[in-house]
Amino acid sequence: MNETSSVTLRQHTIELHLRHTFRLSRGASDARRNVILELEHEGLIGLGEAAPIARYGQSAESSARALATMSERLGEPMEFDEAARRAAVPGEEAAEAALDIALWDLAGKRLGEPIYRLLGLDPEHAPPTSFTIGLDSPEIVTEKVREATGFAALKVKLGTDDDLAVLAAVRSATDQPLRVDANEGWTLDGALTRLETLAALGVELVEQPLPAGELEAMRELKRQSPLPLFADESVHRAADIPRLVGAFDGINIKLMKCGGIGEALRMIRVARALGMRIMLGCMIETSIGITAAAHLLPLVDYADLDGHLLITNDPFVGARLEEGRLVPTSAPGLGVEERR
Ligand code: MG
């Protein structure tokens, strides 16, 4: 526990259990360790969450250390955007997001308004969310697709030699719109040969076909691609977006990748100014992180906020699925409570 003026920071690590072993082109896992943050100030508690991203060298331990450091630099919590920025520890964006989310929750509770209202947004204008189908054999993928009812679109993880068989299996099990995420798993030639087939199977967009740094190859791919291409691993923060023009049609913003709501809003403004489309995505998160992102949904074109649905032990309740759309409650702040 750390105290800075009248702000008290408490944090604990939780283990989240995945419904299915989660496979991407770069590995598999059955559990995640996230950090839950409570920021107490003058009788109110703001909730935050860090879902550390191993690919960027983060862990529950590094997030916890960063949060302890940040709590010492926090200052006045009602200056929530400035406070989050001045406290940030470089390279620990998941911890930065936890602090930023807790500060927004606290501010909303102090002002008696949900976050979407602080932003002047109507939650009914959220795009419907997709549901993610992890990498697996065509048989298991088909089973997962049959379980995934009530969503407007499915996001299928690809990035192996089996890709076209997997996607054909998905297509034979559903006629829902499909999105594909290759998680950097293809080469330029491999992507070019797959994209025509993907388009013929009714895929609506493809996320991160090539490794993050290969922007020249991406420009070539975009020139020839029949499908819109979205950056995920190639984009973290607002400053990354201008160099993606001509290489991607859109970006996938994640609170854990960018450092929270404040930076996500800056990314949305930059992407819009550059004519890019926007998806709001997530990591494996509880309803704290997912609900924080849900408040921003009216600002974006595509939602991919299913991280809390991929775990069996979400300790919180927040935004609810209503006809395929994720809608926050009208409670002040995040509108997240502990599950009873
Ligand atoms: Mg992705």
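As the structure lists them, so they are numbered: ligands from 1, and atoms in each ligand from 1.
Residue pairs that meet the ring-ring contact (aromatic ring centres under 6.0 Å, His included) test with at least one member in residues 159-218, sequence neighbours left out, do not exist here.
F230 pairs by the ring pair (Phe, Tyr, Trp, His ring centres under 6.0 Å) definition with Y302, not counting sequence neighbours. Listed by chain and residue number, R223, Q224 satisfy the side-chain hydrogen bond (donor to acceptor under 3.5 Å, both in side chains) test with E220 (two or more places apart in sequence, or in another chain).
Checked options V206, L195, L192; the residue passing with S225 is L195 (criterion: side chain to side chain contact (heavy atoms under 4.5 Å, CB included)).
Distances from the Mg ion (ligand 1) under 2.8 Å pick out these protein N/O/S atoms: D181 OD2, E207 OE2, D232 OD2.
Electrostatic pairing of D301 and R277 does not count as a salt bridge here, judged by no charged N lying under 4.0 Å from a carboxylate O.
Without hydrogens or angle criteria, E233 side chain to E184 main chain gives no donor-acceptor distance under 3.5 Å.
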